[in-house]
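Pasting a structure below so you can have a look.
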Amino acid sequence: MEKREELFSGKAKSVFKTDDPDLFVLQFRDDTSAFDGVKVEKLKDKGKVNNLFNAFIMEKLEQAGIKTHFVKKLSGTESLVKNLDMLPVECVVRNLAAGSICKRYGIEEGLEINPPTFEFFLKNDALHDPMINDYHIVSFGWADPTHIEEMKKQTFKVNEVLKDLFKNGNMLLVDYKLEFGLCNDELLLGDEFSPDGCRIWDAETRNKMDKDRFRQDLGDVIETYKEVGARLGISFD
Ligand code: UDP
């Protein structure tokens, strides 16, 4: 496999073509952004930490029967993934209240959400990723009904796998965002799973161990990501 030219550069990752049109190289950069790209900083080692973290989680999900685009880790900051036709929606499941749901409904942070909620957002920074529902998705052609149901099913399945994984490391999986894409009409989990796209709290202290450390200027962002990884058994050396 030969890495070729850059196809796309996002806020934290770049996508490169390879000599195989079905495979891309995903490069995790140190760039960190929040508030739809308004707050941007480079955090040393973030690319490497998130690449290794994502590889570990994607492998766990594959082992649990969840189909993903992940093929293999290539280097400290790069992974090989399948070329997906990404659906322009974000899938969010919440176990505890934090972030936008608190502001939107006036809910206190930390309230247990039982049963966990599922929300769709439109992937569009310029519009600040507005919340959408199944009807919008079908009527505007962002995904078809079968894929909508499959995204919900897979996103909840991820919750079952990862809630336990984090619990074993004495952490709470508060919420997370997933993105899916199609590969020959098969729905696969795409993008990444790292502390950039989920909320993780220490189970006892409820100390924030995710990108809220960056959003809220709490400090020690990457040190804390490494601590989350260490509790899961990931080695970053
Ligand atoms: N999230 C994300 N990318 C986005 C929006 C949200 O990864 O563009 C993640 C976020 O890190 C959190 C979950 O999705 O784990 C729910 O985010 P929320 O709706 O609370 O929005 P936020 O408060 O992060 O703006």
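When a ligand or atom number is given, it counts from 1 through the structure's own listing order.
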Check: Of all the atoms in ligand 1, which lie at a distance below 4.0 Å from a heavy atom belonging to C198?
Finding: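 With C198 as reference, the close atoms of ligand 1 come out as 11 (O), 15 (O).
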Notebook entry, point to check: Do you see a protein non-hydrogen atom under 4.0 Å from atom 25 (O) of ligand 1?
Noted result: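 Within 4.0 Å: no protein heavy atom nearby.
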Notebook entry, point to check: Is it the side chain (CB and beyond), the backbone, both or neither of E90 that lies under 4.0 Å from ligand 1, heavy atoms counted?
Noted result: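 E90 to ligand 1: side-chain contact only, backbone stays beyond 4.0 Å.
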Margin query: At less than 4.0 angstrom from any non-hydrogen atom of G99, what atoms of ligand 1 do you find?
Written below: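 Here the atoms of ligand 1 in question are 20 (O), 23 (O).
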Notebook entry, point to check: Can you tell me the protein heavy atom closest to atom 15 (O) of ligand 1 and the distance?
Noted result: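 Closest protein heavy atom to atom 15 (O) of ligand 1: D175 OD1, 2.6 Å.
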Next item on the list: Using non-hydrogen atoms of the residue, decide whether K103 is closer than 4.0 angstrom to ligand 1.
Entry: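 Outside the 4.0 Å threshold, so no.
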Check: Would you say atom 12 (C) of ligand 1 has a protein heavy atom nearer than 4.0 Å?
Finding: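 When distances to the protein are checked, atom 12 (C) of ligand 1 has a heavy atom within 4.0 Å.
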Next item on the list: State the atoms of ligand 1, each with its element, that fall below the 4.0 Å cut-off from a heavy-atom position in A98.
Entry: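 Reading through ligand 1 atom by atom, the close ones are 20 (O).
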Note to self: If we ignore hydrogens and angles and just use 3.5 Å, is the side chain of R213 paired with the main-chain N or O of K208 as donor and acceptor?
What the structure shows: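 Checking the backbone N and O of K208 against the side chain of R213, a donor-acceptor pair under 3.5 Å is found.
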Next item on the list: Starting from atom 18 (P) of ligand 1, locate the nearest protein heavy atom and write down its residue, its atom name and how far away it is, to 0.1 Å.
Entry: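 Ranked first by proximity to atom 18 (P) of ligand 1 is S100 OG, 3.3 Å.
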Checklist line | Check: G10 main-chain N/O paired with R29 side-chain donor or acceptor under 3.5 Å | finding: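 Yes; at least one donor-acceptor contact below 3.5 Å.
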Item checked: Per-residue contact class, R94 against ligand 1 - non-hydrogen pairs under 4.0 Å ->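 Within the 4.0 Å criterion, R94 contacts ligand 1 through side-chain atoms alone.
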Margin query: Quick check on K211 - does any of its heavy atoms sit under 4.0 Å from an atom of ligand 1?
Written below: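 Under 4.0 Å: no for K211.
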Next item on the list: May I ask whether C102 has any heavy atom positioned less than 4.0 angstrom from an atom of ligand 1?
Entry: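 Contact check C102 vs ligand 1: negative.
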Notebook entry, point to check: Taking non-hydrogen atoms only, is D129 closer than 4.0 angstrom to ligand 1 via side chain, backbone, both or neither?
Noted result: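 Under 4.0 Å from ligand 1, D129 contributes side-chain atoms alone.
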Check: Can the positive tip of K3 be found less than 6.0 Å from the middle of the six-membered ring of F16, inside 45° of the ring normal?
Finding: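 Ring-cation test returns yes.
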Margin query: I need the single residue from H128, R94, M131 that forms a side-chain contact (heavy atoms from CB on, under 4.5 Å) with S100. Which is it?
Written below: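 Answer after filtering H128, R94, M131: R94.
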Check: Is it true that L218 and F214 fall in one hydrophobic cluster, defined by side-chain heavy atoms closer than 4.5 Å?
Finding: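 Shared cluster, no.
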Next item on the list: Take atom NZ of K163 as the centre, draw a 6.0 Å sphere, and report whether it contains more than 12 heavy atoms from other residues, nucleotides or ligands.
Entry: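 Result for NZ/K163: enclosed.
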Next item on the list: Identify whether the distance between the nearest side-chain nitrogen and carboxylate oxygen of K46 and D30 falls below 4.0 Å.
Entry: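 Salt bridge flag = no for D30 with K46.
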Item checked: N/O donor-acceptor pair under 3.5 Å between N207 side chain and D202 backbone ->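 Flag not set: sc N207 to bb D202 has no pair under 3.5 Å.
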Next item on the list: Give the single entry among R199, K177, R104 that approaches atom 17 (O) of ligand 1 most closely by any heavy atom.
Entry: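 The nearest heavy atom belongs to R199.
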Margin query: Checking a contact table here: which protein heavy atom is nearest atom 10 (C) of ligand 1, and how many Å away?
Written below: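 Result for atom 10 (C) of ligand 1: R215 NH2, 3.6 Å.
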Check: Where do K177 and E179 land on the salt bridge (charged side-chain N to carboxylate O under 4.0 Å, His left out) test, with the steps shown first?
Finding: CA-CA 7 Å; K177 181 265 303 175; E179 293 179 30; 2.7 Å; yes
Note to self: Under a 4.0 angstrom heavy-atom cut-off, which atoms of ligand 1 come close to G197?
What the structure shows: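 The atoms of ligand 1 under 4.0 Å from a heavy atom of G197 are 7 (O), 9 (C), 11 (O), 15 (O).
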Next item on the list: Take every heavy atom of D196, measure it against each atom of ligand 1, and state whether any distance is under 4.0 Å.
Entry: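 For ligand 1, residue contact (heavy atoms, under 4.0 Å) with D196 is present.
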Margin query: Return the CG to CG distance between N83 and D22, rounded to the nearest 0.5 Å.
Written below: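 One finds 6.5 Å between CG of N83 and CG of D22.
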Margin query: Set out, in order, the CA-CA distance, both residues' side-chain angles and the distance that settles salt bridge (charged side-chain N to carboxylate O under 4.0 Å, His left out) for E149 and K152, then state yes or no.
Written below: CA-CA 5 Å; E149 289 319 308; K152 290 180 190 167; 3.5 Å; yes
